[in-house]
Amino acid sequence: MLKRRGLAAGLVKLHAHLWRHTFAHEWKRAGADTGDLMLLLGWTSQEMPRRYGASAAAERAQEAHQRIGVGDHV
């Protein structure tokens, strides 16, 4: 049903796990604790936050680099 409604709205790659990917990304982006993320989403393995956060890890790394600025004042 979710895929059908997504297609009707013009969203080609909509699926239920997209919510978990987005939630994990935004959680990590905010600098929140991974242990808390695991508790909220019912995960017992450290692999799950890595898997679901990986889809936007590069974006978070670039944001952290801009914020921290290591090497900018050499």
Side-chain angles (χ1 to χ4, degrees):
M1 177 191 72
L2 191 58
K3 285 184 181 185
R4 282 194 320 270
R5 293 202 177 172
L7 287 172
L11 304 170
V12 200
K13 295 183 179 181
L14 186 66
H15 54 87
H17 285 284
L18 185 59
W19 177 84
R20 286 185 176 257
H21 287 281
T22 303
F23 190 92
H25 168 61
E26 292 299 330
W27 188 268
K28 289 183 166 198
R29 188 181 202 188
D33 183 69
T34 301
D36 291 341
L37 175 64
M38 290 175 63
L39 284 171
L40 286 172
L41 296 180
W43 295 333
T44 56
S45 166
Q46 290 285 338
E47 176 60 26
M48 298 311 285
R50 278 193 297 273
R51 177 179 297 161
Y52 281 97
S55 60
E59 181 182 337
R60 288 192 310 275
Q62 289 173 342
E63 289 173 355
H65 180 263
Q66 288 176 342
R67 187 177 64 252
I68 297 168
V70 173
D72 288 351
H73 305 289
V74 175

State, to 0.1 Å, how close [X] and [Y] come at their nearest heavy-atom pair, and which atoms those are.
X: Gly53; Y: Ala24; answer: N-CB, 4.1 Å
X: Leu14; Y: Leu2; answer: CD2-O, 3.6 Å
X: Val12; Y: Leu7; answer: CA-CD2, 4.1 Å

CZ of Arg29 to OG1 of Thr22, rounded to nearest 0.5 Å, is 11.0 Å

To the closest 0.5 Å, what do you measure between CG (Asp33) and NZ (Lys28)? 11.0 Å

Under the side chain to side chain contact (heavy atoms under 4.5 Å, CB included) test, residues paired with Thr44 that sit two or more places apart: none

Is there a side-chain contact between Leu41 and Met48 in this structure, where contact means two heavy atoms from C-beta onward sitting under 4.5 Å apart? no

Residue pair Tyr52 / His25, side-chain donor-acceptor N/O under 3.5 Å: no

Test of understanding: clusters of I, L, V, M, F, W, Y form through side-chain heavy atoms closer than 4.5 Å, transitively. Do Met38 and Leu40 belong to the same one? yes

Side-chain heavy atoms under 4.5 angstrom apart, residues restricted to Ile, Leu, Val, Met, Phe, Trp, Tyr: same cluster for Leu18 and Trp27? no

Determine, for Arg60 against Glu63, whether the closest basic-nitrogen to carboxylate-oxygen distance falls under 4.0 angstrom. no

Quick one: do Arg20 and Trp43 satisfy side-chain contact (heavy atoms from CB on, under 4.5 Å)? Show the steps, please. CA-CA 11 Å; Arg20 286 185 176 257; Trp43 295 333; 2.9 Å; yes

